[in-house]
> 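Sharing a structure with you now.
Note: hydrogens, waters and symmetry copies are ignored here, and every other heavy atom, side chains too, is used.
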Amino acid sequence: MDMSEPLKPAVLHILLALADEERHGYAIMQAVRDQSGGAVPLRTGSFYRHLSQLIEGGLVAEASSRRPGDDPRRGAYYKLTSRGREALSAERARLVDLLATFPGGRRAARKSHV
C-alpha cells in the first residue's frame, strides 16, 4: 500500500478503529459505523477486501492472542502494525496540511512525512 497517496475513507476508519485496541472483524465494522456516523458504508464483503489489502500491505496483522473470557465464536482479532501507525500519522499530517489551506487556516511549519 502506497503511503504517499491519501487513504480511502473506509481504510482510514479501519485503521482508526485499530489505533487503540485489538478488535475482531465485526467490532471493527461497528467502530467504522460509529466513527463516521454511518457516512462510510462498509458491508462485510468490502470490509474483508479492505482488511486483506491492509494485511498484505503490512498495516494490519492478526493478533496472536484472544481476550480472556471472550466469546469463542468470535473470529480472529486484528491489530495495527507499526507501518499502520505510520500510515495513520502520515494521513493525519496530510489532513492537517489540507485544512491549513482553508481560509483562516494556519500553515504549520513541519517536516513532510514522505
Side-chain angles (χ1 to χ4, degrees):
M1 183 165 270
D2 184 2
M3 289 196 290
S4 66
E5 294 291 319
L7 296 177
K8 293 179 181 181
V11 170
L12 173 61
H13 282 281
I14 291 169
L15 295 178
L16 284 171
L18 294 170
D20 293 329
E21 64 180 315
E22 298 174 355
R23 296 179 192 249
H24 56 84
Y26 184 70
I28 297 170
M29 290 176 63
Q30 286 179 310
V32 168
R33 184 189 65 231
D34 293 346
Q35 289 167 4
S36 71
V40 177
L42 199 55
R43 297 181 189 262
T44 304
S46 62
F47 165 71
Y48 282 104
R49 251 189 322 279
H50 286 301
L51 185 61
S52 177
Q53 291 170 349
L54 290 169
I55 291 170
E56 287 175 17
L59 280 71
V60 171
E62 192 170 319
S64 58
S65 62
R66 299 180 60 82
R67 295 180 185 170
D70 204 5
D71 185 339
R73 295 173 293 177
R74 297 225 190 272
Y77 276 72
Y78 301 94
K79 64 182 179 180
L80 203 58
T81 64
S82 59
R83 183 170 163 81
R85 291 192 187 287
E86 290 171 12
L88 267 180
S89 179
E91 185 67 3
R92 181 181 189 282
R94 187 190 72 75
L95 291 170
V96 165
D97 286 348
L98 176 64
L99 289 173
T101 65
F102 279 67
R106 290 184 234 165
R107 171 113 13 227
R110 58 174 190 72
K111 295 179 185 176
S112 174
H113 288 273
V114 178

> What is the distance from atom CG of Leu80 to atom CD of Glu21, rounded to the nearest 0.5 Å?
12.0 Å
> Using only atom types and a distance under 3.5 Å, with no angle test, would you say the side chain of Glu62 pairs donor to acceptor with the backbone of Tyr78?
no
> Specify the closest pair of heavy atoms between Ala19 and Arg85, including all atoms of both residues, with the distance to one decimal.
O-NH1, 3.0 Å
> If we check side-chain contact (heavy atoms from CB on, under 4.5 Å) with Val60, which of these qualifies: Thr81, Leu15, Val11?
Leu15
> How long is the gap from CZ on Arg94 to CG on Leu98, to the nearest 0.5 Å?
6.0 Å
> Do you know which two heavy atoms are closest between Pro6 and Glu91, and how far apart they sit?
CA-OE1, 3.6 Å
> Using side-chain contact (heavy atoms from CB on, under 4.5 Å) as the criterion, list what pairs up with Thr44, not counting sequence neighbours.
Met29, Tyr48
> Should Leu18 and Arg23 count as side-chain neighbours, where that means a heavy-atom distance under 4.5 Å?
yes
> Can you measure from CG (Leu88) to CG (Leu7) and round to the nearest 0.5 angstrom?
7.0 Å
> With respect to Val32, which candidate in Ile14, Leu12, Leu16 satisfies the side-chain contact (heavy atoms from CB on, under 4.5 Å) definition?
Ile14
> Applying side-chain contact (heavy atoms from CB on, under 4.5 Å) to Ile28 and Leu42, what does each step give before you reach the verdict?
CA-CA 10 Å; Ile28 297 170; Leu42 199 55; 5.7 Å; no
> Which pairs pass side chain to side chain donor-acceptor pair (under 3.5 Å) with one or both residues in residues 32-43, sequence neighbours excluded?
His13-Gln35
